[in-house]
Amino acid sequence: MTPFDTSLSLDEILIQHVDEMKSFSDYLAACADQVGVMINSFIPHSDVHEDINRYLYDPLTKYSENAGKRHRPLICIAACVAVGGDADKVASSAAAIEHFHTAALIHDDIADEAETRRGEPCLHLTQGLGLAINEGDLGLSLVNGTVMHDPTLDDATKVRVVTELVDMTRRTIEGQALDLGWARDARYDITEDDYLLMATLKTAHYSGAVPLAVGAIIGGGSEEQIAALRQYGLDTGLAFQIQDDLLNLVGAEEATKKDFRSDITEGKRTLCAVHALSHSDKADRLAEILSARTTDRALLDEAVEIMQECGSIDYARAYALNLTSKSKSRMIEVLPESKARDLLVSMADWFVSRLY
């Protein structure tokens, strides 16, 4: 299998679009589709039996093609370039992180009994529960295997990158365990610190810290640069999750392309919910709605109104903005001036201003 099916290398893709990239949003718009083709080229195809493709490889490919903005692989690439590295050498790692994301979404939707993802029925509804679990497992198998089979990386780099990916996987699963466990057990004693730990584990490592750190490792960055990018990813990745929670509650329903206000239905302990449960005089009523697994529009609206009345929505938004504003300076200090660095700085603002 070749690293990509596109006619352009990653370096050529970046050069081709560099004049269009005034912001991180421009970067995503210019490169997401071509990078998506590269990512999906790592999904195998069976020559043994066509039904293997029918029940495994084709559904995963189709699911991955209905992608989001591809921000995780693209920040991995940008970090590599920002420390002076060759973008083409980071292809397998960028793809590995995106395939982990795909697997996590498939399994997350099963656990949450969700119905839609990016405007389409969830995989467990179109393929059945058993096949969807298996297809998610395939996504996980592509994570380390994709890197280990990359002929452009030396063995020491492969071991270091795979170690990062193994740790990333464990932390994400730990965060998911907290998220699901608190909802299952109807826990309302969750503190803000508890939420921040859960969200950092579940989202910030794989949506920010590890893609940036891995990109810098493959790019030959210094330990100081790797550490700074990792911390930047933790801060901005946490802000990304808080913004995701806000969009689920108060975003435009047609823009979210997922179950609107499903976090209330699933009883999720978001920062907004945790803050409201400890600050609202209607905390008992909010707990009642969060425990009901309701999809009733009036009850969902009521829960959001409770959070708005006690300032929880504004509190969460301000928390995310503060995280991103404080996270930029150290990264700027340790990275040389470049277009890639500017795009990564712009990333922080996109994380908290995106509409979907």
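Values below: all heavy atoms of this structure, side chains included; hydrogens, waters and symmetry mates excluded.
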Given Glu224 and Arg330, is the side chain to side chain contact (heavy atoms under 4.5 Å, CB included) satisfied, shown in steps? CA-CA 10 Å; Glu224 182 183 19; Arg330 174 162 162 73; 4.1 Å; yes
Is the shortest heavy-atom distance from the side chain of [X] to the side chain of [Y] under 4.5 Å?
X      : Y      : value
Leu138 : Asn134 : no
Tyr63  : Arg117 : yes
Leu142 : Phe42  : no
Ile106 : Leu60  : yes
Arg118 : Leu105 : yes
Val83  : Leu229 : yes
His107 : Leu140 : yes
Ile43  : His99  : yes

Given 3.5 Å as the limit, does a donor-acceptor pair link the side chain of [X] with the main chain of [Y], or not?
X      : Y      : answer
His124 : Ala114 : yes
Thr191 : Asp194 : yes
Arg171 : Thr169 : no
Thr324 : Leu321 : yes
Asp86  : Asp88  : yes
Ser346 : Ser23  : no
Arg269 : Val274 : no
Ser325 : Asn322 : yes
Ser262 : Thr265 : no
Thr126 : Leu123 : yes

Roughly how far, to the nearest 0.5 Å, is [atom2] of [Y] from [atom1] of [X]?
X      : Y      : atom1 : atom2 : value
Arg54  : Ser46  : CZ    : OG    : 14.0 Å
Asn53  : Asp58  : CG    : CG    : 5.0 Å
His45  : Glu50  : NE2   : CD    : 5.5 Å
Glu302 : Thr294 : CD    : OG1   : 10.0 Å
Trp182 : Asp189 : CH2   : CG    : 9.0 Å
Phe24  : Leu74  : CZ    : CG    : 6.5 Å

Heavy-atom closest pair, residues [X] and [Y]:
X      : Y      : value
Tyr232 : Met331 : CD2-SD, 3.3 Å
Ala273 : Leu286 : O-CD2, 4.2 Å
Ala78  : Ala340 : O-CB, 3.6 Å
Val250 : Gln308 : CG1-NE2, 3.9 Å
Ile77  : Ala87  : CG2-CB, 4.1 Å
Leu196 : Tyr319 : CD1-OH, 3.1 Å

For Asp47, check side chain to side chain donor-acceptor pair (under 3.5 Å) against everything at least two apart and list the hits.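 Asp47: no side chain to side chain donor-acceptor pair (under 3.5 Å) contacts found.
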So, using side chain to side chain donor-acceptor pair (under 3.5 Å) as the criterion, who are the partners of Arg293 when residues are at least two apart?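 Listed in chain order: nothing, the list is empty.
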Kindly check if the number of other-residue, nucleotide or ligand heavy atoms within 6.0 Å of [atom1] ([X]) is above 12?
X      : atom1 : answer
Arg170 : CZ    : yes
Glu337 : CD    : no
Asp33  : CG    : no
Glu309 : CD    : yes
Lys158 : NZ    : yes
Asp154 : CG    : yes

Less than 4.0 angstrom from a charged side-chain N to a carboxylate O is my criterion; do [X] and [Y] meet it?
X      : Y      : answer
Glu164 : Arg230 : yes
Asp349 : Lys328 : yes
Asp342 : Lys339 : no
Arg297 : Asp301 : yes
Arg285 : Glu288 : yes

Side chains of Asp245 and Thr270: any donor to acceptor distance under 3.5 Å? no
Do Glu65 and Asn40 pair up side chain to side chain, a donor and an acceptor below 3.5 Å, judged on atom types alone?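 No donor-acceptor contact under 3.5 Å links the two side chains.
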Checking Ile242, Asp235, Leu234 against Leu238 for side-chain contact (heavy atoms from CB on, under 4.5 Å), the one that qualifies is Ile242
Using the rule that Ile, Leu, Val, Met, Phe, Trp and Tyr join whenever any side-chain heavy atoms are under 4.5 Å apart, tell me whether [X] and [Y] fall into a single cluster.
X      : Y      : result
Leu197 : Leu271 : yes
Ile52  : Ile133 : yes
Leu323 : Val352 : no
Ile110 : Leu180 : no
Phe100 : Val159 : no

Could you walk me through whether Val214 and Val147 pass the side chain to side chain contact (heavy atoms under 4.5 Å, CB included) test, one step at a time? CA-CA 11 Å; Val214 164; Val147 175; over 6 Å; no
Report the relative orientation of the aromatic rings in His71 and Phe351; use parallel for angles under 30°, tilted for 30 to 60°, perpendicular for over 60°. perpendicular
Could you go through Met198 and Leu201, starting from their C-alpha distance and side-chain angles, then the distance that decides it, and tell me whether this counts as side chain to side chain contact (heavy atoms under 4.5 Å, CB included)? CA-CA 5 Å; Met198 180 275 291; Leu201 289 169; 6.0 Å; no
